[in-house]
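Working notes, structure below.
Order of the sequence lines fixes the chain letters, A, B, ..., with proteins taken first and strands second; residue numbering starts at 1 for each chain.
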Amino acid sequence: MMSGLIHLLNSHGLTEDTIIKATFYGIAGLTVLFAFFVVIARNIFHSALSLAVVLIGVACAYLYLDTEFLATVQVLVYVGAIMTLFIFTIMLTADVHKKMSLKINPRVLLSAYAAALILIILIKIINAGPWLPEVKDAVPLDLAQLGRSLMTNYGLPFEVISLLSLAALVGAIVIGKTEKK
Amino acid sequence: MIPQNHFLILSAILFAIGIFGVLTRKNAIGILMSIELILNAANINLITFNKFQKTPDGLGQIFALFVIAIAAVSAVIGLALVISIYRNAKTILVTKINLMKW
């Protein structure tokens, strides 16, 4: 089906490369737009919803980098679990209808300058630095290889992560429960 | 093909927006969300280098997996703390929480 679609688009003078580029820059622009909305939205609930869009956009960027597994994990863990947690916490704590005003005060301006400065420096470094030559014909790692190296070479960090998750589970219950009177 | 630099610039923009959010948000949940943005920017970098440079055994992907796991853990603990603070201080605005200020 996919090849048929590509053939159809080719007959209209669109190459696969053009389509890949157009969709990538579209998604990247949307991601940045919603990321901006996350930090400037006046209603915290709206900013949580925009964060979900940003996370899906980042998952799409992973697809362009040939890491389908991580894109799946990103959607499952971030959009499925973490966003639900965020939204539950917002419901439990903040008054959702209350708007928080983002006043343009010196502190916000200073933060904007700092962030812009960091961005400019990073982009200068990215464009200036002589990177190692890009590997053109790299075969993407398949899931079986990934799982194997996770279980052999990186087995110890994997176990440490499991322990950390367990500790966080217990810790969250202990922090979150109410004191017995 | 999309060049490596464009992925890195996307990640840099997300990182800068996240920094701006951490510095300006007064709501503790907003700060946590900005931290998630920063962690995502780091993940894009890791996976970009995993694709465009020679890395053994998909090291970048495994690193990114670990970052996602730690981000989940930090979100859980952070939100539990936020709920606990809200129960005690009745607010989650970080400018109003001055329990340890003298």
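A:L85 touches chain B through backbone and side chain together, each having a heavy atom under 4.5 Å away. Contacts of A:I126 with chain B are made by both backbone and side-chain atoms, with heavy-atom separations under 4.5 Å. Contact of B:A71 with chain A is made through backbone and side chain together, with heavy-atom distances under 4.5 Å. Only the side chain of B:S34 comes within contact range of chain A, judged by heavy atoms closer than 4.5 Å. Only the side chain of A:V77 comes within contact range of chain B, with at least one heavy atom under 4.5 Å from a heavy atom of that chain. At a 4.5 Å heavy-atom cutoff, the contact between B:L32 and chain A is made by backbone and side-chain atoms alike. Only the side chain of B:L14 comes within less than 4.5 Å of a heavy atom in chain A; its backbone stays farther off. Only the side chain of B:A69 comes within contact range of chain A, judged by heavy atoms closer than 4.5 Å. With a 4.5 Å cut-off on non-hydrogen atoms, B:L8 touches chain A through its backbone and its side chain both. Proximity to chain B is limited to the side chain of A:L55, based on heavy atoms less than 4.5 angstrom apart.
Nearest heavy-atom pair across A:S149 and B:I62 is OG-CD1, 3.1 Å. Here the closest heavy-atom approach between residue B:T24 and residue A:R107 is recorded as O-NH2, 3.6 Å. Closest of all the heavy-atom pairs between B:Q61 and A:L146 is OE1-CD2, 3.6 Å. Across A:Y154 and B:F66, no two heavy atoms sit closer than the pair O-CZ, 4.3 Å. In plain terms, the two heavy atoms of B:F15 and A:I118 that are nearest each other are CE2-CG2, 3.9 Å. In plain terms, the two heavy atoms of B:R87 and A:I175 that are nearest each other are NH1-O, 4.5 Å.
Between B:N43 and A:Y62 there is a side-chain heavy-atom pair separated by less than 4.5 Å. In this structure, the side chains of A:Q74 and B:N40 come closer than 4.5 Å at one or more pairs of heavy atoms. Under the 4.5 Å side-chain criterion, counting only non-hydrogen atoms from C-beta, B:I17 is not in contact with A:V38. At least one side-chain heavy atom of B:L65 sits less than 4.5 Å from a side-chain heavy atom of A:L150. Using a 4.5 Å heavy-atom threshold, the side chains of B:I9 and A:N127 count as touching.
Of all the listed residues (A:A115, A:S111, A:A112), the one sharing the greatest number of non-hydrogen pairs under 4.5 Å with chain B is A:S111. Highest contact tally toward chain A, considering only B:I19, B:L10, B:T91, B:L23, is held by B:L23 [criterion: heavy-atom pairs under 4.5 Å]. Interface summary for chain A: among B:T48, B:I2, B:V73, the most heavy-atom pairs under 4.5 angstrom belong to B:I2. Most heavy-atom pairs under 4.5 Å with chain A, from the set B:L59, B:N50, B:V82: that is B:L59.
Using cut-offs of 30° and 60° for the angle between ring planes, the A:F36 and B:F20 rings count as parallel.
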